[in-house]
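First the structure, in the form of structure tokens, and then the observations on it.
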There are 2 protein chains.
Amino acid sequence: MRDSASRCLSRLRSRRVPAASFRFRGFRLRIENVVDINTRTGQAGHEVLAAVLQVRQGSLQVLLWQRALAPHSGRWSLPGGRLCADEDVEASIRRQLAEKVDVRQLAHVEQLAVFSAPDRVPGERVVATAFLGLVPCDNDPELPNDTSWYPVEALPDTAFDHEAIVLRARNRLRAKLSYTNLGFALAAPEFTVSALRELYSAALGYRVSATNLQRVLSRRGLLEPTGHTAPPGPSGGRPAALFRFTAGGILVTDPFAVLRPPGSARA
Amino acid sequence: MRDSASRCLSRLRSRRVPAASFRFRGFRLRIENVVDINTRTGQAGHEVLAAVLQVRQGSLQVLLWQRALAPHSGRWSLPGGRLCADEDVEASIRRQLAEKVDVRQLAHVEQLAVFSAPDRVPGERVVATAFLGLVPCDNDPELPNDTSWYPVEALPDTAFDHEAIVLRARNRLRAKLSYTNLGFALAAPEFTVSALRELYSAALGYRVSATNLQRVLSRRGLLEPTGHTAPPGPSGGRPAALFRFTAGGILVTDPFAVLRPPGSARA
DNA sequence: CCAAAAGTGTTCCGGATACACCCATGC
DNA sequence: GCATGGGTGTATCCGGAACACTTTTGG
């Protein structure tokens, strides 16, 4: 009985039906307006959404899927879905992204913020926890038909408040590229400095000098040479040395912008 | 009828009773296990919590209230409560804090993160959006009997995951003092540089030099003299000039730690 | 005059940028 | 040799830290 009641509730919540009923000990029990009761008691659905970013063809792009059904049919929205009972928000977004992107391809996932305007989606009230996800540039996941990459600077018609989430993700990435080693999550395991320069330029939106990039990252101990070299291009040129990031996880390298504790030389 | 049903639901949800019933057209309807159904459908309660910080008596302190009832009776927890239907999370935390602190005394409120471990609180699953709140040091709000300030470095027995939230709030404040003007939310409208130094020292946990503090904040255009002076102490000394922050809201003053756009002198 | 507290001048240093120069390869 | 792309050496700049010194008050 409990299962059929659950089914009723979830059909009602997804607004597929106006009311639902089920049988119980000979009675036919009809449920309606469960949404309304939930709303009155402050009960709200919770979803997780991710802006998954990758540098593709020289620009920072985000993974979107096109809605086939109302509301906002035809518009593009972020991957994600309902939070389930036995998972926290990060486990939830990783599970839901697994349908779009192989989990191993997600080099970094972090919380952005909660989006909770009461009318952010039509119908039942839904609070969203938004995430930033990063995919290294050497991956090209197989995507479902309704899903594709779009440049962050040229988004299609987006659904709900998803554009704001994408912009928030881009800004977070840009900030953290400066004071952490987050570049590791955009780059392949081995890369040339000029390839890395392309990634940083695309993500930051301005030209980054390869010279200074290498210097800054090396000085901080984030970069180490692998000993290998990449072959030169068709027009010649010195073969480029290959590097890798020394750490696999995120590290804050520049914690004190100013007002550092006495005696601490910067990093 | 809907109202009595709502009341039943909310009594059940708060775990005050194991079951509740109400009358409807001559029938006595009994509700139980509503929590269980909600859990199975992924429905979760949502609460907002704030670590409200203030520098008091030379140390960074946080506002806590002592739980009188189970669960975690006697332990100290953060102010907050359920998200209501017509408000977003920030409006909600401001409303709930108004019962403890006059809203005008809250100089700054910002989201920290979502805490969502399925077992973070016993009973019904509750997802929490955590906030940082800051109260300038010239306010001393009247507090309810069960509520008081505790130094962040010497917390009492805390409930649930609230200690982690307090530490997260402290770390956020420390970081933002470095690269924003967030000091305005700790300071009185007018202050001497040495008073400001005390605030920064307490918040950061290490001795800050008044000389450099004034220099850094002035160079960034965050501080301006009011023209007034404070009288010297009983043992004499030169009277201190009074300053104020030029901006009332938060400003990021040091956006690029490194890899700044070409040609941009820092700030 | 002396002590105390506030404020300023000066030096030093490290990290980041900018740019010139050297290196290794294909043609 | 020469064009092309990669890597390094070096000068410069700027902001912050440290510390000495001056200023203004009370006793």
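Every chain is numbered from 1 and lettered A, B, ... according to where its sequence line falls, protein lines coming before strand lines. A quick note: this is a predicted structure, and the numbers were derived from the prediction, not measured.
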Quiz item: Can you tell me how far P of C/dG7 sits from CG of B/Leu217, to the nearest Å?
Solution: 14 Å
Quiz prompt | B/Leu222 CG - D/dG15 P separation (whole Å) | solution = 14 Å
Quiz item: Could you state the OH-C1' distance from B/Tyr179 to D/dG16, rounded to the nearest angstrom?
Solution: 19 Å
Exercise. Check whether any side-chain nitrogen or oxygen of B/Arg207 sits under 4.0 Å from OP1 or OP2 of D/dA17, and answer yes or no.
Key: no
Exercise. Grab the CG-P distance between B/Leu213 and D/dC19 for me, whole Å please.
Key: 18 Å
Quiz prompt | Protein-nucleotide distance (A/Arg219, atom CZ; C/dG14, atom P), rounded to Å | solution = 12 Å
Quiz prompt | Among D/dT25, C/dT17, D/dG15, the one nearest A/Val216 by side-chain distance | solution = C/dT17
Quiz item: Between B/Thr180 (side chain) and B/Ile250 (backbone), is there a donor-acceptor pair under 3.5 Å?
Solution: no
Practice problem: Using a 4.0 Å cut-off on protein heavy atoms (strictly under), produce a 5'-to-3' string for nucleotides 4-10 of chain D with B for base contact, S for backbone-only sugar-phosphate contact, and - for none. | Solution: BBBSBBB
Quiz prompt | Side-chain (B/Thr246) to main-chain (B/Leu222) donor-acceptor, under 3.5 angstrom | solution = yes
Quiz item: Between atom CG in B/Asp254 and atom P in D/dC14, what is the gap in whole Å?
Solution: 16 Å
Exercise. Report the distance from atom CG of B/Leu204 to atom C1' of D/dG16, rounded to the nearest whole Å.
Key: 15 Å
Self-check item: From D/dG16, C/dG26, C/dA16, nucleotide with atom closest to A/Arg220 side chain
Solution: C/dA16
Self-check item: A/Asp140 bridged to A/Arg56 by N-O distance under 4.0 Å
Solution: yes
Practice problem: Determine whether the side chains of A/Ser201 and A/Arg207 contain a donor N or O and an acceptor N or O closer than 3.5 Å. | Solution: no
Quiz item: Hey, is CZ on A/Arg168 packed in by over 12 heavy atoms from elsewhere, all under 6.0 Å?
Solution: no
Quiz item: Strictly under 6.0 Å, is that where the ring centroids of B/Phe245 and B/Phe191 end up?
Solution: yes
Exercise. Examine the side chains of B/Gln61 and B/Ser59 and answer whether a donor and an acceptor come within less than 3.5 Å of each other.
Key: yes
Quiz item: Between A/Ser209 and A/Pro234, which is nearer to the 5' end of DNA chain C once each is assigned its nearest nucleotide?
Solution: A/Ser209
